[in-house]
Each structure stands twice: as C-alpha cells, then as structure tokens.
Amino acid sequence: RQDGGGGRIGVDAPGGYETGAVIALAVAKLPVVVVNPKQVRDFAKATGHFAKTDRLDAKLLALFGERMRPTLRVLPDEDQRALADLLGRRGQLVFMSAQEKGRLSMVPAVAKKDVELQITWSSKRIAKVESDLRSRLKKSPVWLEKATLLKSAPGVGGVTTFSLITDLTGDGEL
C-alpha cells in the first residue's frame with residue numbers, strides 16, 4: 001500500500017526468492033520493506049491468526065506492516081550486491097576446502113591424490129575470489145577509505161572488512 005502517509009510494500013524474506021521483486025520495487029522508487037518471516041509468524045500467533053494460505057498470509061503481512069511500521073532502509077546497490085555475492089562464494093569455497101581437509105586423514109590411499117587436488121583447487125579459487133574482492137573495493141574511493149579505516153582496528157582483516165562493507169546500506173554509513 002502506498003498512500004503518501006508512510007505506506008510501505010511489505011515483502012517477507014523466504015531465503016532469497018524475494019530479491020528480484022524487491023530490486024524491481026526499489027528501482028521503481030516504491031517504499032519496499034523486507035521483513036523477517038519469523039517476526040510475521042510471531043505477530044500472527046500474537047494476534048490469534050493460525051490459518052495458513054497465500055491470501056491470509058498477504059493480509060497478515062499487510063496488517064503487520066500497518067501495525068509494526070517496519071523501517072524503510074536503502075537497498076544495497078549493484079556493486080554492493082556483487083561484493084556480497086563474491087563474499088558468499090568465498091565462504092562456500094572455504095567450507096568445501098575445510099571438508100576436504102577433514103577427509104584427508106581418513107580417505108583411502110587410492111583417493112588421497114584427488115582430495116589433495118581438490119584442496120589445491122579450492123585454495124586457488126579462494127585466492128582468485130579474494131583478488132576480485134580487492135579489485136572491486138579499489139574501484140570505489142568511498143569503500144577504499146572505509147576499508148582503510150576498518151583495517152586500522154586491531155583484529156579486523158580483509159574478510160571482516162568485506163563483510164561490513166557489503167552489509168552497509170546504500171548511504172554508505174558505518
């Protein structure tokens with residue numbers, strides 16, 4: 001609902017399926033809010049709504065938005081989403097590499113070389129993704145300045161820096 005009085009279009013976040021719709025709404029400059037489905041379910045329980053159909057879910061989501069007035073936030077731009085996607089891929093590669101390293105001590109001799117090759121491949125892919133992340137970061141003077149500030153804090157390294165930058169809103173505020 002958009003009524004000029006602070007109306008919002010509420011979308012719940014069922015694991016990434018909402019992304020395309022949210023981006024389209026934001027590009028159209030409509031006041032879209034992504035809400036946590038658990039909060040909506042808790043709201044439903046608190047208000048005595050237990051039935052579950054698409055039509056009822058839509059009405060409940062509208063009621064949640066009306067009563068709870070979730071805060072509008074600026075969505076990340078395309079560059080921030082790309083950074084977040086690369087960071088996510090890095091996480092997947094690190095996880096796969098850790099699994100293979102865990103298998104290495106238990107794998108039969110016939111498969112050991114293959115596991116070692118997979119670990120080597122994963123290490124190279126992780127390094128490539130990290131290089132891509134650094135390259136993208138250097139293209140933005142604002143991000144580069146923030147990254148320098150973040151890395152000056154003790155214990156803050158590259159992965160934490162990328163995580164914080166990708167989680168920033170479009171206004172770039174820390």
Side-chain angles (χ1 to χ4, degrees), residues 1-96 98-99 126 129-130 132-147 149-151 153 156-174:
R1 174 183 108 152
Q2 184 179 12
D3 58 12
R8 290 152 171 73
I9 299 168
V11 179
D12 69 352
Y17 295 108
E18 76 287 351
T19 304
V22 169
I23 290 169
L25 291 166
V27 167
K29 307 247 187 270
L30 294 171
V32 63
V33 177
V34 179
V35 297
N36 182 331
K38 183 179 180 333
Q39 287 180 314
V40 178
R41 281 192 307 277
D42 291 345
F43 177 80
K45 289 176 189 173
T47 57
H49 293 89
F50 298 103
K52 183 112 174 88
T53 68
D54 287 344
R55 176 170 268 169
L56 290 174
D57 285 352
K59 286 182 180 181
L60 186 65
L61 188 56
L63 182 62
F64 175 85
E66 184 180 301
R67 299 247 176 100
M68 303 309 293
R69 312 282 299 161
T71 305
L72 287 170
R73 288 182 279 165
V74 178
L75 294 175
D77 63 24
E78 188 175 331
D79 289 332
Q80 281 178 294
R81 286 192 310 275
L83 270 180
D85 290 343
L86 280 172
L87 190 61
R89 181 59 184 152
R90 182 194 175 279
Q92 292 168 344
L93 291 166
V94 167
F95 182 76
M96 288 188 298
Q99 286 180 315
I126 292 166
V129 169
E130 288 174 348
D132 291 349
L133 283 165
R134 285 190 297 275
S135 294
R136 286 180 176 274
L137 187 72
K138 289 176 184 175
K139 290 180 182 177
S140 169
V142 173
W143 288 354
L144 197 52
E145 181 182 335
K146 290 185 185 305
L149 177 64
L150 288 166
K151 285 183 181 178
V156 176
V159 175
T160 301
T161 298
F162 288 121
S163 296
L164 290 170
I165 288 174
T166 58
D167 287 341
L168 298 176
T169 59
D171 61 10
E173 292 302 316
L174 283 174

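Along the sequence shown, residues are numbered consecutively beginning with 1. Predicted model only: the values in this text are computed from it and were never measured.
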Asks: Rounded to the nearest 0.5 Å, how far apart are CG of Leu137 and CD1 of Ile165?
Replies: 4.5 Å
Asks: So how far is it from Leu93 CG to Phe95 CZ, rounded to the nearest 0.5 Å?
Replies: 12.0 Å
Asks: State which residues pass side-chain contact (heavy atoms from CB on, under 4.5 Å) with Asn36; sequence neighbours excluded, sorted by chain then number.
Replies: Lys38, Gln39
Asks: What are the two closest non-hydrogen atoms of Arg136 and Ala82, and how far apart are they?
Replies: NH1-CB, 3.6 Å
Asks: Quick test of your reading: applying side chain to side chain donor-acceptor pair (under 3.5 Å), list the pairs with at least one residue in residues 84-95, sequence neighbours left out, ordered by first then second residue.
Replies: Arg89-Gln92, Arg90-Glu130
Asks: Quick one: which residue pairs count as a ring pair (Phe, Tyr, Trp, His ring centres under 6.0 Å) with a foot in residues 32-66, not counting sequence neighbours?
Replies: Phe43-Phe64
Asks: Is the backbone N or O of Gly157 less than 3.5 Å from a side-chain atom of Thr161, with the two atoms forming a donor-acceptor pair by type?
Replies: yes
Asks: Report the distance from atom CZ of Arg41 to atom CG of Asp57, rounding to the nearest 0.5 Å.
Replies: 10.0 Å
Asks: Could you go step by step and tell me if Lys138 and Trp143 meet the side chain to side chain contact (heavy atoms under 4.5 Å, CB included) rule?
Replies: CA-CA 7 Å; Lys138 289 176 184 175; Trp143 288 354; over 6 Å; no
Asks: Locate the shortest heavy-atom distance separating Leu133 from Leu87; write the atom from each residue and the value.
Replies: CD2-N, 4.1 Å
Asks: Please give me the minimum heavy-atom distance between Val40 and Val35, naming the atom from each residue.
Replies: CG2-CG2, 3.7 Å
Asks: Got a sec: does the CD of Gln99 have more than 12 other heavy atoms crowding it under 6.0 Å?
Replies: yes
Asks: Look up atom CG in Leu144 and atom CZ in Arg134, then write down how far apart they are to the nearest 0.5 Å.
Replies: 12.5 Å
Asks: What are the two closest heavy atoms between Gly65 and Pro70, and how far apart are they?
Replies: O-CD, 3.6 Å
Asks: Using the test side-chain hydrogen bond (donor to acceptor under 3.5 Å, both in side chains), find all partners of Asp79 that sit at least two apart in sequence or belong to another chain.
Replies: none
Asks: Excluding sequence neighbours, so at least two apart, what forms side-chain hydrogen bond (donor to acceptor under 3.5 Å, both in side chains) with Asp12?
Replies: none
Asks: Rounded to the nearest 0.5 Å, what separation is found between the CD1 atom of Ile9 and the CG atom of Leu30?
Replies: 4.5 Å
Asks: Given the rule in the side chain to side chain contact (heavy atoms under 4.5 Å, CB included) test, do Ile126 and Val94 qualify, once you have shown the distances and angles that lead to the verdict?
Replies: CA-CA 7 Å; Ile126 292 166; Val94 167; 3.7 Å; yes
Asks: Answer yes or no: are there more than 12 heavy-atom neighbours, outside Lys59 itself, under 6.0 Å from its atom NZ?
Replies: no
Asks: Enter the distance from Asp132:CG to Leu86:CG here, rounded to the nearest 0.5 Å.
Replies: 6.0 Å
Asks: Which residues pass the side-chain contact (heavy atoms from CB on, under 4.5 Å) test with Leu56, not counting sequence neighbours?
Replies: Ala51, Thr53
